[in-house]
Amino acid sequence: MVPRKRWTRWTVLAAALLVETVGGLFYMFGVFSDRLKAKSWPGGSGPNDTLTQSQLQFIGSSANLGGNFAIWAGFLYDFAGPTWTILSGGVLGCVGWLLMWAALRFDSLRMPYGVLNLVSFLQGQAQAIMDIGVIPTMLKHFPDHRGTAIGITKSFVGLSGALATQYYVGFFSPNITSFLLFLAIEIVVITGVGMFFIHAHVTPAGSPTQQRAASKRFTLAYGFLGIIALQLLVTTILDAVDDHEPNHFRLGMAVTTAILTLVLFVFVGIGTDPASAATSINSAESDSLLTKEGQHRHLNLKQYSLLEAIQTPMFWLQFFGFMTGGGAGLVVINNIAQMNKARHSRATSTSSIDNLSDVFVSMLSICNCFGRLGVGLLGDALISWKCIPRPFCFALANAIMALSHLLLLMSPTVETLYVACILVGLSYGAMNALSPTQASEIFGTARLGSIYAGLAMSIAGGSLGLAKGLAGAIYDKHATVEPGEDSKTCYGHQCFQVTFIVSAGLSVVGTVCMCALGWLTRGRYQQMYRPN
């Protein structure tokens, strides 16, 4: 292969942000989940071969399973780099969304229920693979701003659901099939951009002057991203007030697109980046420290392979801490449309309920973004201040998740659902940003692709056990066929009551796991950030 130009790390970051805009498309599952549920499918267990809530949630969980069970992509990244990894994700993503488009577009095409799960799995796989192609790369390019860089990159995964939802409502609604076709084409274009610009050369920590310059650039980027998220939030509120006026969304998306383009140009910039121009170092030596004199000092920290990592208690504490808290978050994300309907009376119009569900999907996605942004800054600030290990930030996120489920349990109103969406979005976003960052600090970056993919499998367990297994089973137990409806629906607090109790309890367990992980790794963090 002909060697490519080595782009600066800021150009690589700009391309990574673009790739991550399709990294969370299945967060908008709630937008088209009712359409899937209402159509007849071979293998459907509901009335007239429609899907039950349990079956619908298994489709959602299949995407989460695919999105977090991509260990092979981690090994592909470790041995082949980001280019082939991103290409693999793009191909699977295009195929997955094209098949979903065909399933809903053509009434004569009645895919078996098992095939629907496979399609959903492909969509999740695509998102996971492209994320694996991006996140370890960013950690290698920004060793002195790990939390901040991953916070920005992961925030675009959080924003992707809100961006996609508003594109749909503003330009395609109610034609969901045209929108699904648009997503397939978008993935192809973005894959090409990512393959061209993203490379995995390791950048050493910069000098104090370079670090200050990078911090200012990150601050500017955070400001722009905050504006994007706030704009999306305002647009969502206007939609709730004006009952989905398309003009508000068209104007909002025009502003968002302009700001997003500006952010990308800020990252690309003009001229060179001194840190990127520095001599690359071997990935096994990328855990380096910059002394006060501005000289690099290699840290003799163990670089783990996946096989070595899974033999340590640190891996399993992070695994179970992420599985419990992340699974509790997916209970709300995957069931938001049904939670919204359960909190309304049977007399409420279906269109009004569906419109509000779109608002909740956007709120979850926007707060997901803020969680990823905020925890990146918080983690780096605590390490700089008192060298507090990053897992304690993860423990805080799990505690907030427990609080959100207790709130949903104690107050079964629509207004409470607004507050819960904010808390769940913030904490779930924080967890997703923290997982790869603290993994790079605890296990090193030499084989981070496979370790990151291995830890991501925890979310698959949480999704199957809580979002699908528990939530779906409890909902179906209380669901009935309402007059004028073809599928079972549940109204009332009992639809998710037991689910909220179990989710809150498991989130507390996750909090304890992360506190234990922080205690076990305090020595490594001291060696990394306070060696003297």
Side-chain angles (χ1 to χ4, degrees), residues 12-32 60 62-64 66-68 70 73 77 82-101 119-135 137-138 150 152-172 176 178-198 225 228-229 232 253 256-257 260-261 263-264 267 333 361-362 364-366 368-369 372 429 432-433 436 456:
V12 176
L13 179 55
L17 298 184
L18 186 62
V19 170
E20 292 288 32
T21 59
V22 296
L25 291 179
F26 218 83
Y27 290 143
M28 60 167 293
F29 179 67
V31 172
F32 62 92
S62 295
N64 292 322
N68 296 284
Y77 178 89
T83 301
W84 290 104
T85 307
I86 292 172
L87 174 61
S88 301
V91 170
L92 290 181
C94 181
V95 171
W97 287 100
L98 277 177
L99 288 174
M100 185 64 75
W101 162 77
V119 170
S120 180
F121 181 84
L122 288 178
Q123 293 170 340
Q125 278 275 284
Q127 294 175 191
I129 296 166
M130 297 181 84
D131 185 62
I132 290 171
V134 164
I135 295 302
T137 304
M138 292 301 97
I150 295 303
I152 286 179
T153 308
K154 279 287 192 179
S155 70
F156 272 76
V157 180
L159 277 180
S160 60
L163 288 169
T165 299
Q166 292 202 5
Y167 270 123
Y168 163 65
V169 175
F171 299 109
F172 296 93
I176 187 65
S178 295
F179 179 64
L180 295 179
L181 180 60
F182 164 77
L183 291 181
I185 297 172
E186 180 189 21
I187 289 172
V188 172
V189 175
I190 288 177
T191 298
V193 174
M195 291 176 62
F196 185 73
F197 286 104
I198 296 177
L225 287 172
I228 293 174
L232 287 170
M253 289 315 304
T256 300
T257 302
L260 182 58
T261 303
V263 170
L264 296 180
F267 279 129
I333 293 171
V361 170
S362 291
L364 282 167
S365 185
I366 293 164
N368 199 329
C369 166
R372 295 169 195 242
N432 278 274

Q: Give the minimum heavy-atom separation between T153 and A16, together with the two atoms involved.
A: CG2-CB, 4.5 Å

Q. Which heavy atom in I132 sits nearest to a heavy atom in A70, and how many Å separate them?
A. CD1-O, 3.7 Å

Q.
Show the nearest heavy-atom pair for residues I190 and L18, with the distance to one decimal.
A. CG2-O, 3.6 Å

Q: Please report the shortest heavy-atom distance between V157 and G23, naming the atom on each side.
A: CG1-O, 3.5 Å

Q. Can you tell me if S120 uses its side chain to pair, donor with acceptor, with the backbone of A63 under 3.5 Å?
A. yes

Q. Given side chains that start at C-beta, do those of L25 and Q123 come closer than 4.5 Å, heavy atoms only?
A. no

Q) Can you list every pair that meets salt bridge (charged side-chain N to carboxylate O under 4.0 Å, His left out) and has a residue in residues 152-166, with sequence neighbours left out? A) D131-K154

**Q.** pair T191-M130: side-chain heavy atoms closer than 4.5 Å
**A.** yes

Q: Please name the pair of heavy atoms, one in A128 and one in G66, separated by the smallest distance, quoted to 0.1 Å.
A: CB-O, 3.7 Å

Q | Atom pair CH2 (W101) and OG (S178), whose distance is rounded to the nearest 0.5 Å | A | 9.0 Å

Q | Derivation of the side chain to side chain contact (heavy atoms under 4.5 Å, CB included) call for T137 and Y77 | A | CA-CA 9 Å; T137 304; Y77 178 89; 2.8 Å; yes

**Q.** G429 to N368 - nearest heavy-atom pair and separation
**A.** CA-OD1, 2.9 Å

**Q.** Min side-chain heavy-atom separation I150-R372 under 4.5 Å
**A.** no

**Q.** Beyond-backbone contact of T83 with I198, side-chain heavy atoms, under 4.5 angstrom
**A.** no

Q.
Within this structure, what is the CZ-CH2 distance for the pair F182 and W97, rounded to the nearest 0.5 Å?
A. 12.0 Å

